[in-house]
Amino acid sequence: MRGLLLILASASACFGWGCEGHQIVALIARAHLSPGASAAVDDLLASQPMDPALSRYCKDKQADLMADASTWADDVKRTELTGAWHYIDIPRGIHNADLTLYCEPVGESRDGKDRPGCILDAVEYELGILKDKTASPPNRAQALRYLIHFVGDMHQPLHTTNNNDRGGNCVPIQFFDKPRKSNLHAIWDTDILQRDFASRKLATADAARDVDQSFENELEHWCKDGADFEQWLWEGHRIAEKATYGKLRPHVPVEVPDPSADCALETTKTGALHLSVTEKYQDQSGQAIEAQLAKAGYRLAMVLNSVWN
Ligand SMILES: [Zn+2]
């Protein structure tokens, strides 16, 4: 569904974290893999390479195989019909619920539509394949590529939150002096992070090291409950409320969930608020995003280490 918004949003809007975000998560995870898991990940990715004919959205080819694999799931979501697997629409204002309410079990495509499922089921499904040593190597490599990507997406707060606005895609916002209006989802995917690192002149690999060092003391705390996927999603949902929406001025009201919400109407409504990013919003959001990337990296390493322990 979110893929349809290409016209409204900048191209990066449909991609979850942008290239840098996903690559940083993978590079942080890499630094925390056990030697055995790190070698097994490379064996699997190298022995089952991606289709060389696949058009890659992220043009800066990464030397690290995990970082290179981290954006693959976005490149194939239209052909694999897995667009719905990248997020879960927990409505704003909901603090506690059975997440199956917002998530169909993973299944096969019907009538050429996206395969049913959400990020929660998709992660469990792909982890099941990766752990199954009898599964074929191509299927396990694919499962690994999905996992590297989805653990990242799970930590993008707008992949776990919806306000009848397709996770912020239908909320226009002015990002500093960018010539074209952006939207809330896109700036959380890409713009805030790029501005954050550009101001410090950090390229992706250095940014990953920098973020890792900043948050290493939190690693134990963030991983103490093991791979609790539901808890990770709720955590992102709370950050969306507190930071992503919560720090915007004027306030964007919490809406009553409407499954048939219209993006064009929502865009007009929120557009009337004339939202723009301030230096304060940029700083607060940049810190929240860096913490989410570190969390995602540490937790991805924990999940992969458990596969090859
Ligand atoms: Zn994604």
Side-chain angles (χ1 to χ4, degrees), residues 1-6 8-29 50 54-60 62 66-90 102-104 106 109 114-127 130 142-162 165-170 183-194 204 229 232-233 235-237 239-240 244 289 292-293 295-297 299-300 303:
M1 220 163 61
R2 288 185 182 163
L4 295 174
L5 290 160
L6 200 63
L8 284 166
S10 69
S12 59
C14 333
F15 285 88
W17 295 121
C19 302
E20 297 88 352
H22 278 293
Q23 290 161 357
I24 287 169
V25 169
L27 291 169
I28 293 175
M50 284 177 258
L54 177 69
S55 165
R56 305 297 311 277
Y57 173 74
C58 301
K59 301 297 180 200
D60 52 336
Q62 297 289 304
M66 271 179 82
D68 191 38
S70 68
T71 53
W72 170 87
D74 280 333
D75 296 327
V76 300
K77 70 177 161 194
R78 285 187 188 86
T79 50
E80 296 292 315
L81 303 172
T82 48
W85 294 9
H86 293 244
Y87 61 91
I88 179 170
D89 279 339
I90 308 173
Y102 312 114
C103 188
E104 279 188 88
V106 159
S109 166
D114 259 5
R115 298 179 64 180
C118 80
I119 197 157
L120 178 59
D121 283 334
V123 161
E124 285 165 355
Y125 175 73
E126 298 299 350
L127 183 57
L130 186 63
Q142 179 166 310
L144 175 57
R145 290 189 177 100
Y146 271 125
L147 267 179
I148 293 169
H149 183 86
F150 289 154
V151 173
D153 276 352
M154 286 175 113
H155 289 79
Q156 207 290 34
L158 289 170
H159 277 239
T160 56
T161 307
N162 191 30
D165 58 6
R166 299 187 184 167
N169 271 298
C170 318
N183 70 65
L184 189 60
H185 193 102
I187 68 166
W188 271 72
D189 270 352
T190 309
D191 299 298
I192 293 170
L193 192 64
Q194 282 181 348
T204 306
F229 302 138
W232 301 353
L233 299 176
E235 204 178 77
H237 188 67
I239 292 167
T244 317
I289 289 168
Q292 286 303 93
L293 296 179
K295 255 181 225 173
R299 289 168 172 174
L300 175 60
V303 168

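All figures in this text were calculated on a predicted structure; none of them were measured in a lab. Indexing begins at 1, ligand by ligand and atom by atom, following the structure's order.
Donor-acceptor pairing under 3.5 Å is recorded for the side chains of Y146 and T82.
Using cut-offs of 30° and 60° on the angle between ring planes, the pair Y125 and W85 is perpendicular. F229 and W232 have perpendicular rings, their planes meeting at more than 60° on a 0 to 90° scale where under 30° would count as parallel.
Residue contact annotation: H159 places no N/O/S atom under 2.8 Å from the Zn ion (ligand 1). At a cut-off of 2.8 Å, H86 is counted among the residues with an N, O or S atom near the Zn ion (ligand 1).
For D153, the N/O/S atom at the shortest distance from the Zn ion (ligand 1) is named OD2.
The only option from H149, E20, R56 that meets the side chain to side chain donor-acceptor pair (under 3.5 Å) definition with T71 turns out to be R56.
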